[in-house]
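All of these numbers come straight from a predicted model, not from anything done at the bench.
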Amino acid sequence: MSAPAGEARSQPRRRPRWRVLLTVVIGFHLLGFLSSLDALMSTRTSQGAVAWIVSLNTVPYVAVPAYWVFGASEFRGYVVARRDVDSSLARALQPKTEELWSHQYFAAEPSKHLDGVQQLARWPFLDGNQVELLVDGEATFDSIFQGIEQAERYLLVQFYIVRDDEVGRELQRRLVERARDGLEVYFLYDEIGSYRLPGSYLDTLREAGVHVHHFHSTRGRGNRFQLNFRNHRKIVVADGEQAWVGGLNVADEYLGRDPGIGPWRDTHLRIEGPSALALQSVFLEDWHWATEEIPELEWQPATVADDGVPVLILPSGPADEFETASLMMQQAIHAADRRIWIASPYFVPDEGVQGMLKLAALSGVDVRVLIPEVTDNPLTTHAAYAFLGPLLDAGVRVYRYEEGFLHGKAFVVDDMGAAVGTVNLDNRSFRLNFEVTALVMDPAFARETARMFEADFARSREMTPQDVDDLPLWRRVAARAAYLLAPVL
C-alpha cells in the first residue's frame, strides 16, 4: 500500500553523493589553505615551510592530518613556562641556585666562543667538576647502577626509551629497592619513545613509592594532537652530587644483546660536582612541566676538586627562543683552529651546519664526521647522500663505522674541550626534540675523547667522492627525495 502524497513529500531528500564528495573536497582544501598559513607563520625553516605549504595545498587529504599531528615546531605552553622569569618554577629556583654562580668558570682570556654557548644555555660554565668518559653500555650501566646504590637522599631518572627487558627490569629492581630504603625516587619517561613499556612495569615502581610520570608532550590545548615533540634526554642524578648524561637509553640492544642489531657503540658521561645541579635543573624543568610539582631537592653544590674541570650543561628544544642545538654546533665548528671531530648516528644537518663544516675544511681544519654504515632509519641514510658529495669535495672527511651500530653523540674541538650529549645532527634534534649536551673545557678530557674517536676511526671506512658519484640512479633519486623531507622529519 503506497504512502499518502503529503507524507511522501515530508520525507527528507537525500543529498546526491557527488555533492557530499564535493563538500568534503572543498573542506579539505580550505583546511589545507588555512593550515598552510599557520605553517608559513610558525615553521622555523624556509625549507620546512615550503614543504608543508606545497603538500597542504596539493594533497590536503593526507597533509592536513599529518600537519596537525607532526607539523608544529613550537611547543606551546612550555615556551611560556621556560621564558617567563616570573613563573612559579623560576621563582622557586632562583634563590636555590644562587650559590651555583659562585662556581662560575672564568677563562684566563675572554672568549666569544664561550660567551655564545653560555648565553644559549642561560647557565655559565661551572668549575670544580670531575668527569668520566663512559664508552659503551657495560661501562655506562655499571656506573649508573653504582651511583643508584650509593645515593642517600634522592634519585632523578629520565630516559627517552625504557623497555621491559633484562636491563630495564634491573633498573626497575634497583629503583624499587632504593625507594623502599626511604629515598625519594623520581622517574620520568617519554611516552612516545617508551610506547611499548607496559603499565605493569610502571605499577611496580609506583607500588614501591617511586614518583612516576610520562613527559606529557600532548599537555596543553595547542599540543593535544601533536606527536612531533619528544623528550630525547637521558639524565640520572644522585643526591645532586653525581649525574649522568649521554646517548644510552634503557634497553638490551644498548648492551649489544639484540642479534638483529649487533654490537652497539655508544657514549655517556658521568659528572661529579656543581654541574650535576645544572643537570638537575634540566630534569626539574621537565618534571614541573609534566606534573606541575616542584620536588624538594638539594641545591648546595659539591666541589669535588680545586683543580676540577669546567662543565657547561646546555639544554635545547622547541621551547627555546633560538635554535640552540644548531647554533651550538656552528659555534663549536667556528671555534676549531686545528680539528673538529663529530660523531652522530643520524646525520642530516641544516644548511648552517653544512656551511660551517665546509668553511672549516677549506680553512685547513681537520674536519671529520663519524656516522654509522647501517642505521635503523633508512630515510636519514638516503638523505645524507644528497649533500655528502659537496662536503667531501670541500675536504670534510666522512667515516662510516662498520663494527655494529654507532649511536654516540659527541664532538671534540682541538685540545680545548669536548662534548657528550643526546643531540643528533638532524632536524629533529635541532628543532623538535628536547635534548641536552654537556660541554667539558679541559685539554686532558679533549685528548681522551680524541683517543676514543681514533679507535672508532680504526673500525670505520673513510668515504671518497667516488662513493657518491657511483651511486645508481635510483639511489640518487631516493637521496634527493629523502632530503626534501629532511626539514619536516
Notebook entry, point to check: What do you reckon, are the aromatic ring centroids of Phe387 and Phe347 less than 6.0 Å apart?
Noted result: yes
Check: Heavy-atom count around Gln150 CD within 6.0 Å, excluding the residue itself: above 12?
Finding: yes
Next item on the list: Would you check if the side chain of Asn231 reaches a backbone N or O of Phe215 as a donor-acceptor pair within less than 3.5 Å?
Entry: no
Check: Within a strict 4.5 Å, meaning less than it, do heavy atoms of the Val237 and Leu297 side chains meet?
Finding: no
Next item on the list: Search all heavy atoms of Thr324 against all heavy atoms of Pro315 and return the closest pair with its distance.
Entry: CG2-O, 3.8 Å
Next item on the list: List the atom of Pro372, the atom of Ser344, and the distance in Å for their closest heavy-atom pair.
Entry: CD-O, 3.7 Å
Item checked: Donor-acceptor contact present, side-chain Tyr154 to main-chain Glu298, <3.5 Å -> yes
Notebook entry, point to check: What is the minimum heavy-atom distance between Pro349 and Gln354, and which atoms define it?
Noted result: O-NE2, 2.9 Å
Margin query: One pair to check against side chain to side chain contact (heavy atoms under 4.5 Å, CB included): Leu277 and Glu99. What are the steps and the verdict?
Written below: CA-CA 11 Å; Leu277 292 179; Glu99 178 65 23; over 6 Å; no
Checklist line | Side chains of Val311 and Tyr105 in contact at under 4.5 Å (non-hydrogen atoms) | finding: no
Check: Does any non-hydrogen side-chain atom of Val282 lie less than 4.5 Å from one of Phe434?
Finding: no
Check: Under the 3.5 angstrom rule, does the side chain of Asp286 hit a backbone N or O of Phe283 as a donor-acceptor pair?
Finding: no
Notebook entry, point to check: Could Arg368 and Phe453 be counted as a cation-pi pair, given that NZ or CZ must be under 6.0 Å from the ring centre and within 45° of the axis?
Noted result: no
Note to self: I'd like to know if the side chain of Asp414 and the backbone of Arg338 have a donor-acceptor N/O pair within less than 3.5 Å.
What the structure shows: yes
Next item on the list: For side chain to side chain contact (heavy atoms under 4.5 Å, CB included), just list the numbers for Arg428 and Arg230, CA-CA rounded to whole Å, side-chain angles, deciding distance to a tenth of an Å, and then say yes or no.
Entry: CA-CA 9 Å; Arg428 171 157 295 283; Arg230 307 345 158 28; 3.8 Å; yes
Check: Below 4.0 angstrom, N of the basic side chain to O of the carboxylate: do Glu403 and Arg265 qualify?
Finding: no
Note to self: Test side chain to side chain contact (heavy atoms under 4.5 Å, CB included) on Asp467 and Arg400; report intermediate values, then the result.
What the structure shows: CA-CA 12 Å; Asp467 291 328; Arg400 304 197 75 107; over 6 Å; no
Next item on the list: Please check if the side chain of Arg476 supplies one atom and the backbone of Leu471 the other of a donor-acceptor pair under 3.5 Å.
Entry: yes
Check: Between CD1 of Ile161 and CD1 of Ile192, what distance do you get to the nearest 0.5 Å?
Finding: 11.5 Å
Check: Taking everything shown except Glu149 itself, do over 12 heavy atoms lie less than 6.0 Å from its CD?
Finding: no
Next item on the list: State, with a plain yes or no, whether a side-chain heavy atom of Ile235 is found less than 4.5 Å away from one of Leu156.
Entry: no
Note to self: Are the side chains of Trp299 and Leu93 in contact, using a 4.5 Å heavy-atom criterion?
What the structure shows: yes
Note to self: Please report the interatomic distance CZ(Phe125) to CG(Asp115), rounded to the nearest 0.5 Å.
What the structure shows: 10.0 Å
Check: Just by modelled atom types, is the Asp442 backbone N or O under 3.5 Å from a matching donor or acceptor in the Arg447 side chain?
Finding: no
Next item on the list: Indicate whether any N or O donor in one side chain lies under 3.5 Å from an N or O acceptor in the other, for Gln146 and Ser143.
Entry: no
Margin query: I'd like to know if the side chain of Ser429 and the backbone of Asn424 have a donor-acceptor N/O pair within less than 3.5 Å.
Written below: yes
Notebook entry, point to check: Rounded to the nearest 0.5 Å, what separation is found between the CG atom of Leu134 and the OG1 atom of Thr140?
Noted result: 4.5 Å
Next item on the list: Taking the side chain as every heavy atom from C-beta outward, state whether Val348 and Asn427 have any pair of such atoms under 4.5 Å apart.
Entry: no
Item checked: Verdict with supporting geometry, Val420 and Val131, side chain to side chain contact (heavy atoms under 4.5 Å, CB included) -> CA-CA 11 Å; Val420 175; Val131 295; over 6 Å; no
Next item on the list: May I ask you to say whether Glu435 pairs ionically with Lys409, meaning some side-chain N is under 4.0 Å from a carboxylate O?
Entry: no
Check: Should the pair His407 and Phe405 be assigned to parallel (<30°), tilted (30 to 60°) or perpendicular (>60°) ring geometry?
Finding: tilted
Next item on the list: Step through it carefully: locate the ring centre of His268, locate the ring centre of Trp244, and say whether they are under 6.0 Å apart.
Entry: no
Next item on the list: Mind running salt bridge (Lys or Arg N to Asp or Glu O under 4.0 Å) on Arg431 and Asp350 for me, showing each step along the way?
Entry: CA-CA 10 Å; Arg431 297 180 178 88; Asp350 57 24; 2.9 Å; yes
Margin query: I'd like to know if the side chain of Asp165 reaches the main chain of Asp252, judged simply by a donor and an acceptor atom lying under 3.5 Å from each other, with no hydrogens or angles considered.
Written below: yes
Note to self: Taking Val436's backbone N and O only, do any of them form a donor-acceptor pair with Thr422's side chain (distance below 3.5 Å, no angle check)?
What the structure shows: yes
Note to self: Could you check whether atom CD of Glu402 has more than 12 heavy atoms from other residues, nucleotides or ligands sitting under 6.0 Å from it?
What the structure shows: yes
Margin query: Could you check whether any side-chain heavy atom of Trp123 comes within less than 4.5 Å of a side-chain heavy atom of Leu100, counting everything from C-beta outward?
Written below: yes
Note to self: Distance check, rounded to the nearest 0.5 Å: Leu126 atom CG versus Trp101 atom CH2?
What the structure shows: 8.0 Å
Next item on the list: State, without any angle test, whether Ser281 and Glu285 hold a side-chain donor-acceptor pair at a distance under 3.5 Å.
Entry: no
Margin query: Using 0.5 Å steps for rounding, measure from the CG atom of Leu439 to the CD atom of Gln331.
Written below: 10.5 Å
Checklist line | Any side-chain heavy-atom pair of Leu188 and Trp289 under 4.5 Å | finding: no
Item checked: Under 3.5 Å side-chain donor-acceptor pair for Tyr254 and Asn249 -> yes
Next item on the list: Compare every heavy atom of Val167 with every heavy atom of Ala251, then report the nearest pair and how far apart it is.
Entry: C-CG1, 3.2 Å
Check: Can you tell me how far the CG atom of Leu120 sits from the CD atom of Glu323, to the nearest 0.5 Å?
Finding: 11.0 Å
Margin query: Testing the basics here: between Ser460 and Asp456, what is the closest heavy-atom pair and its distance to 0.1 Å?
Written below: OG-O, 2.6 Å
Next item on the list: Search all heavy atoms of Val309 against all heavy atoms of Asp127 and return the closest pair with its distance.
Entry: C-OD1, 3.7 Å
Notebook entry, point to check: Ignoring hydrogens and geometry, is there a side-chain-to-backbone donor-acceptor pair from Asp142 to Ala139 under 3.5 Å?
Noted result: no
Item checked: Asp266/Lys234 salt bridge by N-O under 4.0 Å criterion -> no
